[in-house]
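Please read these numbers as outputs of a predicted model, since none were measured by experiment. Just so it is clear: chains get the letters A, B, ... in the order the sequence lines come, proteins before strands, and each one is counted from 1.
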Amino acid sequence: MNDQALIARVLLDNDQHAFASLVRKYQHPIRHFLRRLTSGDHSLADDLAQEVFLAAYTKMQSFRAESSFGTWLHSIAYRMFLNDRRKAHYTREVSSELVEPSTTHNAEQDILVERLMSHLSVGERTCVTLAYSVGMSHQEIVEITGMPLGTVKSHINRGKQKLVELVNSNQPQKRSSL
Amino acid sequence: MKLSTEQDFQQLLEYSDYLDGANFVETVQSNIKKQQQIRQRILAIATFCAALVVLVIAIMSGFQLWLPLIEFAQNSPYLFTVALTSIVGFSFFIRHSKI
């Protein structure tokens with residue numbers, strides 16, 4: 001069943017199973033996106049992701065299908081992150097609980113990238129993640145962030161440049177100090 | 001690790017697949033249930049308060065509560081219809097909205 005059909009069932013029948021299917025489908029990209037934005041604070045990212053889906057459920061009627069459901073969720077996640085950052089004066093410190101030695105190679109790479117993200121500004125982090133991790137177009141990033149197209153492009157270029165420099169200068173070997 | 005090509009960079013930033021979704025989905029569902037329970041409680045309290053106010057007014061007016069309403073309907077039937085429609089519409093909205 002496609003997204004539109006699931007959304008219609010949530011709106012018309014208040015179908016919890018349909019909403020659970022949507023959550024199951026989108027929890028992975030939304031949680032990863034928030035993990036990148038919070039520079040690897042997994043508990044905060046998951047809390048925000050919970051709020052994102054709760055907000056999506058209550059505001060489902062305002063979804064106009066002008067963009068995809070995934071784009072809409074990412075824009076809610078981005079706004080949630082900015083609100084939380086404003087409220088909590090988010091710091092760039094990475095909690096020690098994030099070091100998970102038993103994780104797989106892919107998970108290690110995720111943690112590495114999340115930590116590298118702390119060297120980027122919020123705008124750069126957001127644009128680089130949406131462009132390279134989610135695979136969104138510049139126009140979709142403009143819709144999500146509300147930034148002008150030129151700003152999005154410069155954030156992507158600058159963020160990419162910073163990450164390449166960090167990785168190529170053997171930054172991963174100094175992971176514990178990030 | 002060296003990033004020499006665009007593909008290397010893309011691979012570095014790719015999301016992995018290790019996130020467990022089952023618990024997350026369950027937590028979202030339980031949060032929605034909690035939110036709905038809170039909403040139902042608020043509605044129950046509001047209904048109880050409204051009933052209490054009506055009861056007090058009824059007692060104070062010696063149970064002649066319908067007289068002012070009947071007079072209002074007779075004197076301004078259009079306004080009465082608009083008011084009634086608004087009340088019914090608002091009740092319907094409250095009942096079916098997820099807020």
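No donor-acceptor pair under 3.5 Å is formed between the side chain of A:His32 and the backbone N or O of A:His28. With hydrogens and angles ignored, the 3.5 Å screen pairs no side-chain donor or acceptor of A:Arg35 with any backbone N or O of A:Ala45.
Counting only N and O atoms by type, the side chains of A:Tyr57 and B:Gln36 include a donor and acceptor under 3.5 Å apart.
Among A:Ser67, A:Ser75, A:Ser68, the single residue meeting the side chain to side chain donor-acceptor pair (under 3.5 Å) criterion with A:Thr71 is A:Ser68.
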Review point. Step by step, would you call B:Leu12 with B:Gln7 a side chain to side chain contact (heavy atoms under 4.5 Å, CB included)?
Key: CA-CA 9 Å; B:Leu12 174 78; B:Gln7 205 180 355; over 6 Å; no
Exercise for review: Would you sort out whether A:Met60 and A:Phe69 count as a side chain to side chain contact (heavy atoms under 4.5 Å, CB included), showing the intermediate values?
Suggested key: CA-CA 10 Å; A:Met60 192 76 94; A:Phe69 188 65; 3.9 Å; yes
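With rounding to the nearest 0.5 angstrom, the OG1 atom of B:Thr47 is 12.0 Å from the CG atom of B:Leu52. A:Lys87 contributes atom NZ, which lies 11.5 Å from atom CG of A:Leu82 (distance to the nearest 0.5 angstrom). Rounding to the nearest 0.5 Å gives a distance of 6.0 Å between CD1 of B:Ile32 and CG of A:Leu54. Atom NE2 of A:His42 sits about 11.5 Å away from atom CG of A:Leu34, to the nearest 0.5 Å.
Residue B:Phe24 touches chain A through both its backbone and its side chain, counting heavy-atom pairs closer than 4.5 Å. Only the backbone of B:Glu14 comes within less than 4.5 Å of a heavy atom in chain A; its side chain stays farther off.
When hydrophobic clusters are built by joining Ile, Leu, Val, Met, Phe, Trp and Tyr residues whose side-chain heavy atoms come closer than 4.5 Å, directly or via intermediates, B:Leu84 is not grouped with B:Val82.
Contact residues of residues 126-153 of chain A toward chain B are A:Val128, A:Thr129, A:Tyr132, A:Ser133, A:Val134 (heavy-atom distance under 4.5 Å). Near-neighbour residues of residues 154-164 of chain A relative to chain B, defined by a heavy atom under 4.5 Å from a heavy atom of that chain, comprise A:Lys160, A:Leu163, A:Val164. For residues 15-26 of chain A, the interface with chain B (any heavy-atom pair closer than 4.5 Å) comprises A:Gln16, A:Phe19, A:Ala20, A:Val23, A:Arg24, sorted by residue number.
Listed options A:Gln27, A:Glu51, A:Gln50 were ranked by heavy-atom pairs under 4.5 angstrom with chain B; first place goes to A:Gln50.
A salt bridge is defined here as a Lys NZ or Arg NE, NH1 or NH2 lying under 4.0 Å from an Asp or Glu carboxylate O, and A:Asp46 with A:Arg31 meets this definition.
Here A:Tyr78 pairs with nothing under the ring pair (Phe, Tyr, Trp, His ring centres under 6.0 Å) rule; sequence neighbours left out.
Ring geometry, A:Trp72 versus A:Phe63: the interplanar angle falls from 30° to 60°, so the pair is classed tilted.
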